[in-house]
**Student:** 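Quick one: structure below, then a few questions.
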Amino acid sequence: MAQFWKPGTEKPRLLDDGEGGVLFFSSSYSSSSGFGFSSTEKQRQRLPVYKYRTAILYLVETHATTIIVGETGSGKTTQIPQFLKEAGWADGGRVIACTQPRRLAVQAVASRVAEEMGVKLGEEVGYTIRFEDLTNPDVTRVKFLTDGVLLREMMDDPLLTKYSVIMVDEAHERSISTDMLLGLLKKIQRRRPDLRLIISSATIEAKSMSTFFQMSKRRRALEGETFEPKVEPAILSVEGRGFNVQIFYLEEPVSDYVQSAVSTVLSIHEQEPPGDILVFLTGQDDIDAAVQLIVEEGQNDRKRSELIILPLYSGLSRAEQDLIFSPTPRGKRKVVISTNIAETSLTLEGIVYVIDSGFSKQRFYNPITDIESLIVAPISKASARQRTGRAGRIRPGKCYRLYTEEYFINEMPAEGIPEMQRSNLVTCVIQEPMISKMILASGELGCSEEIMTIAAILSIQSIWASSRGAQKELDEARLRFAAAEGDHVTFLNVYKGFLQSNKSSQWCHKNFINYQAMKKVMEVREQLRRIAQRLGIILKSCERDTTAIRKAVTAGFFANACQLEAYSHNGMYKTVRGSQEVYIHPSSVLFRVNPKWVIYHSLVSTDRQYMRNVVTIDPGWLTEIAPHFYQQRQLSHMPH
DNA sequence: GAGCACTGC
């Protein structure tokens with residue numbers, strides 16, 4: 001058993017005075033009395049970040065980059081933009097920006113800040129996320145946005161000239177777009193000494209962030225007499241406002257963390273006072289198995305009926321996810337069994353006990369084979385702390401780690417590998433080149449209306465409704481739309497039906513289509529249509545000429561062509577590019593159909609490499625449409 | 001016979 005941090009007391013602080021640039025403020029700075037202020041104002045003053053107001057403003061004034069380390073509950077995200085505004089950083093038509101990795105967070109924080117400032121959202125305080133721009137360029141002074149949107153803005157205005165301060169929040173998550181943004185912002189700083197950056201991070205990893213933003217000696221030598229901010233980043237640490245969480249480790253490692261998690265749930269329920277339980281497992285399989293086990297093992301338990309067991313992962317429908325947020329009835333105990341979604345994206349109130357398996361599914365990318373795969377891998381210390389923190393939001397909690405303390409200390413990596421090092425960066429550098437090529441080709445082939453629809457649907461996770469417990473019905477529904485040419489053409493049938501139903505949610509429900517996904521498809525399609533129109537692509541329908549459609553897909557995705565192995569009995573294909581063994585994904589309408597030649601949209605790698613979303617092609621099109629790629633390749637069994 | 005989590009004109 002070990003003691004976790006106790007926020008607000010003796011938290012270790014940063015810590016480097018060597019180069020003079022790293023500053024440290026103690027938390028003994030006292031806040032002024034709230035007398036005479038409104039209740040909102042008093043609430044603001046109670047947030048831990050409030051007592052650092054002067055320090056933060058001083059650092060931002062004097063340093064090009066300020067790194068703020070603050071745990072959840074410190075209030076940094078909502079308060080710092082307001083401090084900046086009050087201090088005049090938005091004067092003269094300038095704008096203060098604050099980025100978030102997730103859309104939901106952008107919306108939530110923006111409306112909270114607008115409320116605190118007593119202004120209407122979309123005016124002085126606004127936000128921009130994809131498909132939704134709630135800002136007014138003339139009056140918006142504090143703007144919240146996803147880091148992806150800011151990256152896009154950079155394409156039109158590379159120096160981001162309208163912003164005076166840019167705060168990058170949740171930088172410790174190291175998402176691809178956050179990392180890209182940080183790299184580009186560093187470049188902008190060289191050209192814009194007036195720009196200030198605030199990097200906000202929840203972990204002590206601030207030191208490497210600081211090293212990154214340290215500017216070169218040469219640049220520093222150029223600093224003239226005119227006032228310029230210090231180039232060394234400042235670091236400030238702000239305590240959070242969580243509760244103490246006691247940590248328990250296993251004495252011996254276990255081989256089956258699902259079983260171990262289940263036993264822990266049942267013994268907490270037997271021995272511990274009321275309070276909800278959150279269990280972190282890796283994926284749907286684990287989670288469903290754990291739910292099943294708890295039900296079975298608890299069958300003879302008189303207290304079993306007090307447990308409300310809820311699975312949680314992104315594949316669940318909106319209604320199923322909403323169950324998680326319903327309040328726990330008196331005398332009951334909620335057990336939420338979740339993937340990583342509950343680590344950062346969703347916050348559950350009322351959790352007192354956390355069980356951490358120590359694993360999550362992570363994406364890895366092999367640049368040689370160009371295959372991304374999802375692998376169950378050990379989490380980092382940073383993730384483990386984040387999971388633990390989920391237990392201390394309403395009162396002191398307990399966290400049960402299903403691994404040994406020795407393992408945590410000596411073997412668990414301090415930080416996860418940044419997403420940037422685990423992904424194919426193509427779409428990050430050039431926005432969706434294959435889709436773009438497909439759309440351009442569709443203009444010439446006269447099927448741009450259809451290809452727009454296909455492109456929009458391919459950009460959505462899945463248009464099919466969640467199938468828990470109704471697998472057969474979903475398969476049957478899918479068959480009703482199935483087209484012999486493959487998934488892409490099947491999508492057109494679904495889209496057509498959706499339009500004919502007048503975009504009805506009941507129709508979606510009846511046909512196992514995800515209504516939310518279809519609404520998003522409409523938005524993406526509209527966005528694509530606007531871009532295509534701007535580029536002068538002729539919008540035209542080919543009226544069911546599936547050859548034109550499949551040729552357009554081939555034009556974009558020629559590199560993903562696969563041929564069925566001549567004597568394959570189990571549906572094995574080989575990629576033309578690298579002779580990789582691949583199979584049609586069971587969710588495809590061509591599963592078990594196994595046509596001779598197909599093009600896939602993406603590969604997913606689990607125990608096998610599966611092709612998701614496949615369409616049949618005529619191999620002759622490959623040399624016709626992409627001769628530069630196929631000329632020198634030897635295509636065995638290629639008819640001529 | 002199968003789906004970690006996000007994001008984007």
Side-chain angles (χ1 to χ4, degrees), chain A residues 99-106 128-133 145-156 170 173-181 280-288 312-316 338-346 357 359-364 372-377 379 383 386 416 419 422-423 427-432 435-436 439 455-456 459-462 464-468 471-472 474-475 478 514 520 523-535 570-571 583-588 591-592 602 604-613:
Chain A
T99 73
Q100 296 289 320
R102 283 171 292 277
R103 296 159 48 103
L104 216 68
V106 168
T128 309
I129 55 181
R130 193 185 185 189
F131 306 129
E132 205 179 338
D133 182 10
L145 64 175
T146 50
D147 28 31
V149 168
L150 193 59
L151 277 175
R152 302 296 317 200
E153 285 190 5
M154 225 178 253
M155 292 184 183
D156 291 331
E170 313 284 2
E173 286 186 22
R174 305 291 312 269
S175 77
I176 287 191
S177 43
T178 304
D179 276 357
M180 286 288 276
L181 191 60
F280 284 102
L281 296 180
T282 64
Q284 189 175 334
D285 282 351
D286 279 1
I287 291 169
D288 290 344
L312 176 62
Y313 41 83
S314 74
L316 295 178
S338 173
T339 61
N340 248 3
I341 193 170
E343 194 178 303
T344 49
S345 312
L346 282 178
S357 65
F359 290 93
S360 69
K361 273 196 189 169
Q362 292 162 36
R363 186 166 55 199
F364 288 90
E372 285 187 335
S373 42
L374 279 175
I375 293 170
V376 174
I379 61 170
S383 276
Q386 177 78 16
E419 192 186 10
R422 296 185 281 117
S423 320
T427 51
C428 205
V429 178
I430 321 166
Q431 303 260 330
E432 303 188 338
I435 294 274
S436 311
I439 293 175
S459 78
I460 301 293
Q461 307 255 352
S462 169
W464 304 106
S466 134
S467 62
R468 260 169 32 88
Q471 191 51 55
K472 228 175 113 199
L474 172 73
D475 283 347
R478 208 181 345 237
N514 181 338
K520 207 167 167 193
E523 288 180 321
V524 178
R525 191 181 187 283
E526 178 54 25
Q527 193 176 46
L528 289 173
R529 203 188 53 77
R530 275 204 308 271
I531 299 165
Q533 217 157 22
R534 210 175 54 208
L535 295 177
N570 61 350
Y583 298 82
I584 292 180
H585 195 279
S587 67
S588 168
F591 177 66
R592 291 218 179 100
S602 63
V604 356
S605 177
T606 48
D607 50 330
R608 282 177 173 181
Q609 322 284 355
Y610 285 106
M611 301 183 272
R612 290 193 63 189
N613 297 327

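What you see is a predicted model; the values in this text were computed from it and never measured. By convention in this document, chain letters (A, B, ...) are assigned in the order of the sequence lines, proteins followed by strands, and residues within each chain are numbered from 1.
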**Student:** Using a cut-off of 4.0 Å on non-hydrogen atoms, how would the nucleic acid contact of A:R102 be classed: base, sugar-phosphate, or nothing?
**Tutor:**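 Counting heavy atoms under 4.0 Å across all strands, the contact made by A:R102 is with sugar-phosphate only.
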**Student:** Pick base, sugar-phosphate or nothing for A:R363, based on heavy-atom distances below 4.0 Å to the nucleic acid.
**Tutor:** base
**Student:** Would you say A:R608 places a side-chain N or O within less than 4.0 Å of OP1 or OP2 belonging to B:dG1?
**Tutor:** no
**Student:** Any base atoms under 4.0 Å from A:D475, or only sugar-phosphate, or nothing? Heavy atoms, all strands.
**Tutor:**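 Result for A:D475 = base.
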**Student:** Identify which nucleotide among B:dG8, B:dA2, B:dG1 has an atom closest to any side-chain atom of A:F591, counting heavy atoms from C-beta outward.
**Tutor:**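 Looking only at side-chain atoms, A:F591 lies closest to B:dG1.
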**Student:** When the distance from CD of A:Q609 to P of B:dG1 is rounded to whole Å, what number comes out?
**Tutor:** 17 Å
**Student:** Just to verify, what does A:E173 make a salt bridge (Lys or Arg N to Asp or Glu O under 4.0 Å) with, not counting sequence neighbours?
**Tutor:**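 Partners of A:E173 under the salt bridge (Lys or Arg N to Asp or Glu O under 4.0 Å) test: A:R102.
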**Student:** Here's a test of your reading of the structure: between A:H585 and A:L104, which maps to the more 5' nucleotide of DNA chain B?
**Tutor:**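 Residue closer to the 5' terminus by nearest nucleotide: A:H585.
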**Student:** State whether the distance check finds a donor on one side and an acceptor on the other, under 3.5 Å, for side chain A:E432 versus base B:dG8.
**Tutor:**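 By the distance-only test, yes, there is a pair.
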**Student:** Think A:T339 has a side-chain N or O under 4.0 angstrom from the OP1 or OP2 of B:dA5?
**Tutor:** yes
**Student:** Measure from the side-chain heavy atoms of A:Y610 and tell me the nearest of B:dA5, B:dA2, B:dC4.
**Tutor:**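 It is B:dA2.
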**Student:** Could you state the atom-to-atom distance from CD of A:Q461 to C1' of B:dG8 in whole Å?
**Tutor:**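 Atom CD in A:Q461 sits about 13 Å away from atom C1' in B:dG8.
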**Student:** Quick one: which of B:dG1, B:dG8, B:dC4 gets closest to the side chain of A:R103?
**Tutor:** B:dG8
